[in-house]
Amino acid sequence: IHQEDAVWPRLALEGGFEAIVTVKAYVNEGGIIFKAIAEECSRLHMGFERNTVAAAYEYKYKPTLHGGQPVPVWFTYNVEFKF
């Protein structure tokens with residue numbers, strides 16, 4: 001329903017660094033991210049992980065339905081920082 005773009009870390013932007021961050025997120029029955037974890041990052045210690053997780057908490061999803069009822073789910077997605 002709503003996706004917030006992650007902010008590009010200033011030092012990475014100035015240095016011309018790109019990255020891909022893999023995020024594992026838990027979405028509750030209401031479609032709200034309850035927990036988000038940066039599982040993997042192609043360029044560590046530049047702030048990509050922190051900024052990606054911060055943006056994940058601003059996401060809003062349609063609840064996943066099972067048998068017609070909303071259920072919580074874990075899912076994984078990638079965020080790419082590319083010029």
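Here the structure is a predicted model, which is why all the values come from computation and not from measurement.
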inquiry  = Under the criterion side-chain contact (heavy atoms from CB on, under 4.5 Å), I'd like the reasoning laid out for Val27 against Thr64: C-alpha separation, chi angles, the key distance, then a yes or no.
reply    = CA-CA 9 Å; Val27 180; Thr64 299; over 6 Å; no
inquiry  = Show, in sequence, the C-alpha distance, side-chain angles and deciding distance for Leu44 and Glu49, and conclude whether the side-chain contact (heavy atoms from CB on, under 4.5 Å) test is met.
reply    = CA-CA 8 Å; Leu44 298 175; Glu49 306 98 310; 3.3 Å; yes
Where is the tightest heavy-atom contact between [X] and [Y], given as atom of each residue plus distance?
X     : Y     : answer
Pro70 : Glu29 : CB-O, 3.4 Å
Ala19 : Ser42 : CA-OG, 3.2 Å
His2  : Glu58 : CD2-O, 3.0 Å

Approximate separation, where rounding is to 0.5 Å, of [X] [atom1] and [Y] [atom2]:
X     : Y     : atom1 : atom2 : result
Phe17 : Arg43 : CZ    : CZ    : 5.0 Å
Ile37 : Thr52 : CD1   : OG1   : 14.0 Å
Tyr61 : Gln3  : OH    : CD    : 6.0 Å
Tyr59 : Ile33 : OH    : CD1   : 8.0 Å
Tyr26 : Phe75 : OH    : CZ    : 12.5 Å

Quick check on [X]: does its [atom1] atom have over 12 non-hydrogen neighbours (other residues, nucleotides or ligands) under 6.0 Å away?
X     : atom1 : answer
Lys60 : NZ    : yes
His66 : NE2   : no
Phe34 : CZ    : no

Give a yes or no answer on whether the side chain of [X] reaches the backbone of [Y] with a donor-acceptor pair at less than 3.5 Å.
X     : Y     : answer
Glu18 : Phe83 : yes
Tyr57 : Ala36 : yes
Asn51 : Val7  : yes

message = Are Trp74 and Ile32 connected into the same hydrophobic cluster when the rule is that any two of I, L, V, M, F, W, Y join if their side-chain heavy atoms are below 4.5 Å apart?
response =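 No, Ile32 and Trp74 fall in different hydrophobic clusters.
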message = Is any side-chain heavy atom of Pro63 closer than 4.5 Å to one of Val71?
response =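 They are not in contact (no side-chain heavy atoms under 4.5 Å apart), so the answer is no.
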task = Apply the side chain to side chain contact (heavy atoms under 4.5 Å, CB included) test between Cys41 and each candidate in Ile20, Val79, Val21; give the one that qualifies.
result =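 It is Val21, the one option of Ile20, Val79, Val21 that forms the side chain to side chain contact (heavy atoms under 4.5 Å, CB included) with Cys41.
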